[in-house]
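Any value given below was found using the heavy atoms of this structure, including those in side chains, with hydrogens, waters and symmetry copies removed. Every chain is numbered from 1, with letters handed out A, B, ... down the list of sequences.
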Number of protein chains: 2
Amino acid sequence: MNVNEQLAEALRLAVDPPGGVSVEALQDLVLDDRSRQWDIATAAQHVGVSPHTLRYYERAGLVTVSRNPAGHRVYDAPAIRRLVFLTRMRTSGMPISDLRQYIDLVDRGDATIPDRLDLLVEHRDTLRAQLAQIQLALAATEYKIATYGGSTQP
Amino acid sequence: MNVNEQLAEALRLAVDPPGGVSVEALQDLVLDDRSRQWDIATAAQHVGVSPHTLRYYERAGLVTVSRNPAGHRVYDAPAIRRLVFLTRMRTSGMPISDLRQYIDLVDRGDATIPDRLDLLVEHRDTLRAQLAQIQLALAATEYKIATYGGSTQP
DNA sequence: GCTTGTGTTGGAGCGCGCTCGAAGCTCTAC
DNA sequence: GTAGAGCTTCGAGCGCGCTCCAACACAAGC
């Protein structure tokens, strides 16, 4: 599986969850059409957040978005990809301050890759711990359901 | 596996995660020693939250705690068990309002068991969705780590 | 008896992540 | 040309879940 296939797979995975990314947006992203651009409403739809939130993320320094002559925001494929990543991390509970830190490293170039790796590994561990927590809560919930005589299936 | 064994197993599972419940507290709970009582500081330690939070939970109507002659809160085994359950649900993202609703049903007696089941099943579905989200974020993170050349193991 | 620690209450404050409002500019449709 | 939708900015507001403060009450140890 090469990198593009991995990316496509990761993006395909992103279709499923509610509040996720729309299919056609992902197709655009996989195609990486450099001429394709989106206004804030469309971008928001594709990313699965509100335009308010997109502006907020820009103010928070998570993305820099260029403007058209009218001063309106213009989102391109890389921006959307970054936003998809960011919202995925947000959904998983990563605070905006951490994302900001990571993004700053990205914007400072390849020399910061080791630092980014540190952050990512740390976050991976957080996610694994979180996974365990959720599984525990799920077990507790299913236990309660079982004791109440409810079916655990499906 | 009878109900007591299931409970013991569920409680054993609770030992592992960080910020979780202490081993001796669980032993007390499994023994269900009716004479054993705890002050707020000890209870907080056992449950893994701050005394502030315990008072807050009481104000929020999640637990009712009796007082000793001095007016100090006295936590018994059932109270602690409820708090362990509540904090587990909180950790998994269940809002306090939902917990309040569930607790109200519990306090209204067996007639509300169907309603409780509804709530639990709903929460189970939420947890499953959440699990998928976390797994997705984990996959994305591990993908990034891999592309940066970091080791995915362990 | 006095100090120190721990508890009590009500209410205020806070950090986070949005979310919205106001006032104004721009594009589109008719 | 004009209405209306949608964009811009800045700043304020909000809901949640704590977290802390002030002022006081009680308990244990010296």
Side-chain angles (χ1 to χ4, degrees), chain A residues 19 37-76 79-80 82-103 123 126 130 133 137, chain B residues 19 37-76 79-80 82-103 123 126 130 133 137:
Chain A
Q37 294 184 330
W38 299 268
D39 63 14
I40 193 170
T42 323
Q45 263 189 336
H46 284 184
V47 174
V49 300
S50 74
H52 285 304
T53 303
L54 286 188
R55 293 193 199 100
Y56 169 69
Y57 283 178
E58 185 178 356
R59 267 194 282 183
L62 296 185
V63 274
T64 51
V65 184
S66 58
R67 308 295 151 110
N68 66 16
H72 291 192
R73 286 172 180 80
V74 173
Y75 292 85
D76 57 7
I80 300 284
R82 173 174 287 193
L83 284 169
V84 168
F85 171 71
L86 289 171
T87 50
R88 175 135 346 283
M89 293 301 113
R90 282 290 309 120
T91 301
S92 72
M94 196 181 216
I96 284 180
S97 55
D98 286 12
L99 286 172
R100 173 65 201 270
Q101 201 183 346
Y102 179 79
I103 289 301
H123 185 54
T126 305
Q130 225 172 318
Q133 290 283 344
Chain B
Q37 295 185 330
W38 298 267
D39 63 13
I40 194 168
T42 323
Q45 261 189 337
H46 284 185
V47 175
V49 300
S50 74
H52 285 304
T53 303
L54 287 188
R55 294 192 198 98
Y56 170 69
Y57 283 179
E58 186 178 357
R59 268 195 278 183
L62 297 185
V63 274
T64 51
V65 184
S66 59
R67 308 297 152 108
N68 66 14
H72 290 193
R73 287 172 179 79
V74 173
Y75 292 85
D76 56 6
I80 300 284
R82 174 174 284 193
L83 284 168
V84 168
F85 171 71
L86 290 170
T87 50
R88 173 131 351 280
M89 292 300 115
R90 282 291 308 119
T91 301
S92 71
M94 196 181 215
I96 282 179
S97 55
D98 287 12
L99 287 173
R100 173 66 201 270
Q101 202 182 346
Y102 179 79
I103 289 300
H123 184 55
T126 305
Q130 225 173 317
Q133 291 284 344

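- Side-chain contact between H72(B) and D39(B) is absent, with no heavy atoms from C-beta onward closer than 4.5 Å.
- Rounded to whole Å, atom P of dC18(D) lies 11 Å from atom CG of L86(B).
- Within the 4.5 Å cutoff, the side chain of Y56(B) has heavy atoms near those of the I96(B) side chain.
- Of the two residues contacting DNA chain C, namely G71(B) and R90(A), the nearest-nucleotide position lying further toward the 5' end is that of G71(B).
- Contact between S92(B) and H123(B) at its shortest, heavy atoms only, is OG-NE2, 3.4 Å.
- Summarising the geometry, atom CD belonging to Q45(B) is positioned 11.0 Å from atom CG belonging to L54(B); distances are rounded to the nearest 0.5 Å.
- Protein chain A contacts DNA chain C from dG17(C) to dC27(C), reading 5' to 3' and using non-hydrogen atoms of the protein with a distance under 4.0 Å.
- With Q133(B) contributing its side chain and T91(A) its backbone, the two residues share no donor-acceptor pair below 3.5 Å.
- For the pair A44(B) and S50(B), the tightest heavy-atom approach, listed with the atom from each and the gap, is CB-C, 3.8 Å.
- Below 30°, between 30° and 60°, or above 60°: for W38(A) and H46(A) the angle between ring planes is above 60°, a perpendicular geometry.
- The nearest pair of heavy atoms linking I103(B) to G61(B) is CG2-O, 3.9 Å.
- One finds no side-chain N or O of R59(A) lying less than 4.0 angstrom from the OP1 or OP2 phosphate oxygen of dG11(D).
- For R73(A), the side-chain contact (heavy atoms from CB on, under 4.5 Å) criterion is met by I40(A), R55(A), E58(A), V65(A), R67(A), Y75(A), not counting sequence neighbours.
- Taking side-chain N and O atoms only, R55(A) has no distance below 4.0 Å to OP1 or OP2 of dT9(D).
- Spacing between atom CG of D39(A) and atom C1' of dG6(D) amounts to 9 Å, rounded to whole angstrom units.
- A41(B) comes within 4.0 angstrom of sugar-phosphate atoms only, judged by non-hydrogen atoms across all strands, and of no base.
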Can you give one letter per nucleotide of nucleotides 21-30 of chain D, going 5' to 3': B for a protein heavy atom under 4.0 Å from the base, S for sugar-phosphate only, - for none? -----SS---
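- Using a 4.0 Å heavy-atom cutoff across all strands shown, P95(A) reaches sugar-phosphate atoms only and no base atom.
- At dT9(D), one or more side-chain N or O atoms of R67(A) fall inside 4.0 Å of OP1 or OP2 (strictly under the cut-off).
- Rounded to whole Å, atom C1' of dG6(D) lies 14 Å from atom CD of Q45(A).
- Along DNA chain C, the nucleotide nearest to T42(B) and the one nearest to Y57(A) differ in position, and the one closer to the 5' end is contacted by T42(B).
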